K.L.:
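Below you will find the structure I want to go over with you.
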2 protein chains.
Amino acid sequence: MHNTDKLKQILHKKNLRYTQQRQEVWDEICSTNEHRDAEDIYNSLRKRQTNVSRATVYRTIDVLVKNNLVRRLDLGDGRSRFENKMGIAHHDHIVCLDCRKIVEFMNEEIEEIQEQVAKEMGFEIVRHVHQLFGHCLDEKCPNK
Amino acid sequence: MHNTDKLKQILHKKNLRYTQQRQEVWDEICSTNEHRDAEDIYNSLRKRQTNVSRATVYRTIDVLVKNNLVRRLDLGDGRSRFENKMGIAHHDHIVCLDCRKIVEFMNEEIEEIQEQVAKEMGFEIVRHVHQLFGHCLDEKCPNK
DNA sequence: ACTTCTTTGAGACTCAATCTCAATAGAGGG
DNA sequence: CCCTCTATTGAGATTGAGTCTCAAAGAAGT
Ligand SMILES: [Zn+2]
Ligand SMILES: [Zn+2]
Ligand SMILES: [Zn+2]
Ligand SMILES: [Zn+2]
């Protein structure tokens, strides 16, 4: 399903209104696979003359997150990052402490074990955060 | 080694001064195994007539974290939690979304696999965050 | 076009955490 | 014990991501 249709469908199902601003924010998020913060998304919109207010960017992102179109990441640096989640398989993240590069990983074994561990401790998991922080071996990374 | 001696030793090694305030903050953190925020630690100190300013609580915690005596946890709710780390083995956390109970877990297999995964992706891990969020099956938990 | 209800924008506000800077107080030497 | 040199402290101001307020604008159904 196309981005626009998906957005319209979800908003309609929740009795929320389809607006130009929501479409613009959703388009902007769909335009890359990067892990961007709200301010970054807001600035990109302004740069292409699309005037959506900061408050609306935040509010729209909340709507998208609640409806599973966008994923919120907390990398521990004080601001949330967002990534398009539509049709994207689950993954976790490795972050380079030097160049802030973010790489995605997914390991079925870890996913299963953590589920098992939680069950043993008397929990039903809803979501999880698994992030690895370290140094990448990339040539272009500053610390080389 | 006793808490006080350990603190003195580390401060001395780093050419930092041993002060009454730093001792009080460290004592307060050592007094429980809970995962407390800075405001909570600050309030406990005031309650027992120990006047350490808020700024000093934050600054002292930073010193303790940098020197590996205290661990900083980010559970994604906008404020850092802290736990005594001296002589405590590595573990990760499961959090109940209903009652905010925090349970610790440690799985050697996960620890090994994540190390392996990182190596394969060209990273040397320095630290990691692994948190599971869900519902606990405790009788006393609100959502029952 | 009309009505109803939601959404938007601008700026005020929140809250954890950090910063500023004058006053205070460790630590080592004499 | 006193002196000097710095590091530390406290009170309050400041920061910055994110949220809230409310009057004006605008979806969507009739
Ligand atoms: Zn995962
Ligand atoms: Zn990702
Ligand atoms: Zn671990
Ligand atoms: Zn713990």
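Model, not experiment: these values are computed from the prediction. Residue numbering restarts at 1 for every chain, and letters A, B, ... go by the order of the sequence lines.
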K.L.:
In Å, rounded to the nearest 0.5 Å, how long is the span from CG of Leu11(A) to CZ of Arg22(A)?
P.N.:
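Going from the CG atom of Leu11(A) to the CZ atom of Arg22(A) covers 6.0 Å.
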K.L.:
If I take atom CG from residue Leu45(B) and atom CD1 from residue Ile29(B), how far apart are they, to the nearest 0.5 angstrom?
P.N.:
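Atom-to-atom, Leu45(B):CG and Ile29(B):CD1 are 8.5 Å apart.
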K.L.:
For DNA chain D, what residues of residues 66-73 of chain A have any heavy atom nearer than 4.0 Å?
P.N.:
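DNA chain D contact set from residues 66-73 of chain A: none.
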K.L.:
May I have all residue pairs that pass ring-ring contact (aromatic ring centres under 6.0 Å, His included) and include part of residues 99-118 of chain A, sequence neighbours excluded?
P.N.:
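Qualifying pairs: Phe105(A)-His130(A).
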K.L.:
Report the distance from atom NZ of Lys14(A) to atom P of dT7(C), rounded to the nearest whole Å.
P.N.:
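In whole Å, dT7(C) P and Lys14(A) NZ are 12 Å from each other.
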K.L.:
Nearest 0.5 angstrom please: Gln21(A) CD to Thr50(A) OG1, how far?
P.N.:
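If we round to the nearest 0.5 Å, Gln21(A):CD and Thr50(A):OG1 are 10.5 Å apart.
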K.L.:
In whole angstrom, give the distance that lies between atom CG of Leu16(B) and atom P of dG28(C).
P.N.:
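After rounding, the gap between these two atoms is 13 Å.
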K.L.:
For Gln20(A) and dG9(C), what is the distance between atoms CD and P respectively, to the nearest whole Å?
P.N.:
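In whole Å, dG9(C) P and Gln20(A) CD are 11 Å from each other.
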K.L.:
Expressed as a whole number of angstroms, how long is the span from Arg79(A):CZ to dG18(D):P?
P.N.:
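Between P of dG18(D) and CZ of Arg79(A): 9 Å.
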K.L.:
Below 4.0 angstrom, N of the basic side chain to O of the carboxylate: do Asp77(A) and Arg79(A) qualify?
P.N.:
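Salt bridge flag = yes for Arg79(A) with Asp77(A).
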K.L.:
CD of Glu24(B) versus P of dG26(C): gap in Å, rounded?
P.N.:
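Atom-to-atom, Glu24(B) to dG26(C), this comes out as 13 Å.
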K.L.:
For residues Ser44(A) and Arg36(A), is any side-chain donor paired with an opposing acceptor at under 3.5 Å?
P.N.:
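Side-chain D/A pair, Ser44(A) to Arg36(A): present.
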K.L.:
May I ask you to say whether Glu124(B) pairs ionically with Lys119(B), meaning some side-chain N is under 4.0 Å from a carboxylate O?
P.N.:
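Here Glu124(B) does not pair with Lys119(B) in a salt bridge, since their nearest N and O are not under 4.0 Å apart.
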K.L.:
Please determine if a side-chain N or O atom of Gln21(B) lies less than 4.0 Å away from the OP1 or OP2 oxygen of dG10(D).
P.N.:
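True: Gln21(B) side-chain N/O within range (under 4.0 Å) of dG10(D) OP1/OP2.
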K.L.:
Carefully, step by step, assess Arg81(B) and Glu34(B) under the rule salt bridge (Lys or Arg N to Asp or Glu O under 4.0 Å).
P.N.:
CA-CA 9 Å; Arg81(B) 310 305 188 88; Glu34(B) 290 165 56; over 6 Å; no
K.L.:
Below 4.0 angstrom from OP1 or OP2 of dT8(C), is there any side-chain N or O of Thr19(A)?
P.N.:
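Indeed, a polar side-chain atom of Thr19(A) lies that close.
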K.L.:
Quick one: is dG28(C) close enough that its OP1 or OP2 comes under 4.0 Å of any side-chain N or O from His12(B)?
P.N.:
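For His12(B), the contact criterion (side-chain N or O under 4.0 Å from OP1 or OP2 of dG28(C)) is met.
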K.L.:
For nucleotides 1-5 of chain D, tabulate all protein N/O to nucleotide N/O atom pairs closer than 3.5 Å, reporting atom names and distance.
P.N.:
none

K.L.:
Gln23(B) and Asp27(B): side-chain donor and acceptor closer than 3.5 Å?
P.N.:
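A donor-acceptor contact under 3.5 Å links the two side chains.
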K.L.:
Look at Arg72(A) together with Glu83(A) and state whether they make a salt bridge at an N to O cut-off of under 4.0 Å.
P.N.:
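Not counted as a salt bridge, because no side-chain N and carboxylate O are separated by less than 4.0 Å.
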K.L.:
Measure the distance from CG on Asn15(A) to P on dT6(C) and round it to the nearest whole Å.
P.N.:
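Asn15(A) atom CG is separated from dT6(C) atom P by 9 Å.
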K.L.:
Round to a whole Å and report the spacing from CG of Asp74(B) to P of dA17(D).
P.N.:
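Value for this atom pair: 16 Å.
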K.L.:
How many angstroms lie between atom CG of Asn43(B) and atom CZ of Arg48(B), to the nearest 0.5 angstrom?
P.N.:
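One gets 12.5 Å once the value is rounded to the nearest 0.5 Å.
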K.L.:
Measure CG/Leu7(B) against P/dG26(C) and give the value in whole Å, please.
P.N.:
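Taking atom P of dG26(C) as the reference, CG of Leu7(B) is at 14 Å.
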K.L.:
Distance from Cys30(A) atom SG to Leu69(A) atom CG, nearest 0.5 Å?
P.N.:
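If I round to the nearest 0.5 Å, the distance is 8.0 Å.
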K.L.:
Roughly how bent is the helix from dA1(C)-dT30(D) to dG30(C)-dC1(D) end to end, in steps of 10 degrees, with each end axis from five pairs?
P.N.:
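If I round to tens, the end axes sit 30° apart.
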K.L.:
Any chance CZ of Arg46(A) has more than 12 other-residue heavy atoms, nucleotides or ligands included, within less than 6.0 Å?
P.N.:
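Counting other residues, nucleotides and ligands, CZ of Arg46(A) stays at 12 neighbours or fewer.
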K.L.:
Give, ordered by number, those residues of residues 31-64 of chain B having at least one heavy-atom distance below 4.0 Å to an atom of DNA chain D; if nothing qualifies, reply none.
P.N.:
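Within residues 31-64 of chain B, the residues near DNA chain D are Asn51(B), Val52(B), Ser53(B), Ala55(B), Thr56(B), Arg59(B).
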K.L.:
Only pairs at least two apart or in different chains count here, so list each ring-ring contact (aromatic ring centres under 6.0 Å, His included) that has a residue in residues 69-98 of chain A.
P.N.:
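For residues 69-98 of chain A, and leaving out neighbouring residues, the ring-ring contact (aromatic ring centres under 6.0 Å, His included) pairs sorted by first residue read His35(A)-His93(A), His90(A)-His128(A), His91(A)-His93(A).
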K.L.:
Select one nucleotide: of dA17(C), dG18(D), dG29(D), the one nearest the side-chain heavy atoms of Ser80(A).
P.N.:
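Side chain of Ser80(A) sits closest to dG18(D).
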